[in-house]
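The structure appears below as structure tokens.
Fair warning: this is a prediction, and the values are worked out from it, not measured in the lab.
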Amino acid sequence: MTEGSRNYAIVTAAYWGFTLTDGALRMLVLLHFFRLGYSPFTLAFLFLLYEAAGIAANLIGGWLAARYGITRMLAVGLTTQILGFLLLSALSPDWTAAASVAWVVLAQGICGVAKDLTKTASKSAIKVAEATAKAEDAEGRLFRWVAWFTGSKNAMKGIGFFLGGLLLEALGFRGALWVMAAMLALILLGVVTALPAMMGKAKASKSARELFAKNRSVNLLALARVALFGARDVWFVVGVPVFLYASGWTFTMVGTFLAIWTIGYGLVQAAAPSFVRRSRDGLSNEVPAARAWSLGLAAIPLAIAAMLAGGFGLRADLVLVFSLALFGFAFAVNSSVHSYLILAYAGSEKSAEDVGFYYAANALGRFSGTLLSGLLYQAGGLYACLLGSGLMLVACFIATMALPVRPVASPVRG
């Protein structure tokens, strides 16, 4: 195994462990506070700071990874997640509802920072590892590596949903958090001892103006990413769970369905290179594929909204479930192609900063979608959420149409 392949395997395994606990955390918080009687909209509010924190974490994380090395930033992300778990475990049942919500939102915000620091460092490590593999005359396989990393990560997140429910049932809220913190401590030890300490270290930007001076390709892809992930979460975070629950599903059924959907979504992401014809330059086939899949995806929520409005004698919950499977497939391919393109467009010298900027846009999309999910569902139910999703995906398609099919030189950044 080459050094590049070895580093890729280590980073992927570390992020698997992190994502497993991150998925478990979401289910722990959701189930625990639902059992305490919190409304679905309050539950969505608990995750808002988690999503908002990722915007700054990605921007800063990319800069820090370039300045201090990717391995150090992975270690910081894992340590921050452990801190978030320990803070959550200090929650007392004797506190008032307001104090409990404030404490959980704060701890979730810390975990959100941890997630995006770790993700930015991990995705940047793939670019570095693939460059090392090329230098060692190994096969260039950036798209395949990115697809497998992204897809397997989401599959692990789905498994984490199951793990969260299992740990909550077996060990309780506090015990589950302690076990997950211990698991991450072992992963942290493995990262700092197995990866090169200075991996990915580069000359970081010296000013905010230099940091944000991205090339046109990165800016357009970031805009498309905001719309893409906002379009998913605008109906997936609150609209889908609440609608299914209101349709007579038990919470266990809803949680299981979301876990299976996430695992399947991850598996499709991992297989995305099979659905996209490769090109020698890495862009001439991949960019048109991103455009075509974006257009097809945009039609799905609008079609679902039309079916729900028309009735057609079909059970609305079953229409939603089968439509979500189609949406998840197209969304997974879109997401995987985008994740590849950011590394294809990113400048090699400061790829960590470019990746951080891009995933800050990703976090902004998740935050916007989470917020709109509650607001639109309250205003017009699932129908309003689906229309909002469709409009955001149209915006994603328009941004994707402007993507160049040839590399564009980055501006000089010191």
Side-chain angles (χ1 to χ4, degrees), residues 13-40 42-51 53 74-119 153-192 241 245 250-260 262-263:
Y15 199 56
W16 278 356
F18 180 92
T19 304
L20 189 67
T21 62
D22 189 63
L25 173 66
R26 180 168 289 256
M27 192 55 60
L28 274 174
V29 172
L30 199 64
L31 288 174
H32 180 69
F33 284 93
F34 181 82
R35 193 163 57 183
L36 294 179
Y38 286 74
S39 72
T42 303
L43 292 174
F45 178 76
L46 294 177
F47 295 103
L48 275 183
L49 186 58
Y50 173 91
E51 303 294 0
L74 271 173
V76 169
L78 291 165
T79 303
T80 306
Q81 183 83 325
I82 293 171
L83 174 61
F85 286 172
L86 295 178
L87 277 176
L88 267 176
S89 71
L91 182 68
S92 172
D94 298 328
W95 294 355
T96 65
S100 296
V101 168
W103 186 263
V104 173
V105 168
L106 173 63
Q108 286 281 88
I110 292 172
C111 291
V113 170
K115 175 189 175 182
D116 286 293
L117 286 178
T118 307
K119 180 166 68 175
K153 176 262 294 186
N154 281 307
M156 291 299 290
K157 186 174 183 179
I159 297 172
F161 290 161
F162 289 112
L163 178 65
L166 179 65
L167 289 176
L168 182 63
E169 186 70 29
L171 303 175
F173 187 68
R174 183 171 297 174
L177 289 167
W178 287 347
V179 167
M180 292 195 302
M183 184 189 307
L184 284 183
L186 293 175
I187 295 171
L188 173 62
L189 179 63
V191 165
V192 298
Y245 184 75
T250 66
F251 193 80
T252 301
M253 292 168 63
V254 173
T256 301
F257 168 71
L258 295 181
I260 293 173
T262 305
I263 293 170

d(Ile159 CD1, Leu166 CG) to nearest 0.5 Å is 13.0 Å

So how far is it from Leu163 CG to Leu25 CG, rounded to the nearest 0.5 Å? 11.0 Å

Closest non-hydrogen contact found for Gly77 with Ala114 is O-CB, 3.3 Å

Could you grab the distance from atom CZ of Phe85 to atom OG1 of Thr21, nearest 0.5 Å is fine? 4.0 Å

Are the side chains of Leu20 and Met180 in contact, using a 4.5 Å heavy-atom criterion? no

Mind listing the closest non-hydrogen atom pair of Ala75 and Val192 along with its distance? CB-CG1, 3.9 Å

When rounded to the nearest 0.5 angstrom, what is the spacing between CG in Leu189 and CG in Leu78? 11.0 Å

Expected output: side-chain Thr19 to main-chain Trp16 donor-acceptor under 3.5 Å: no

For the student: nearest non-hydrogen atoms of Gly84 and Cys111, plus distance: CA-SG, 3.8 Å

Trp178 side chain near Leu171 side chain, heavy-atom distance below 4.5 Å: no

Pairwise distance CD1(Ile187) to CZ(Phe18) - rounded to 0.5 angstrom: 9.5 Å

How many angstroms lie between atom CG of Leu86 and atom CG of Leu177, to the nearest 0.5 angstrom? 8.5 Å

Should Leu88 and Gln108 count as side-chain neighbours, where that means a heavy-atom distance under 4.5 Å? yes

Under a 3.5 Å distance rule, please check whether Arg174 uses its side chain to pair with a backbone N or O of Leu91 as donor and acceptor. yes

Does the Trp103 side chain pair with the main chain of Leu87, one donor and one acceptor, at a distance under 3.5 Å? yes

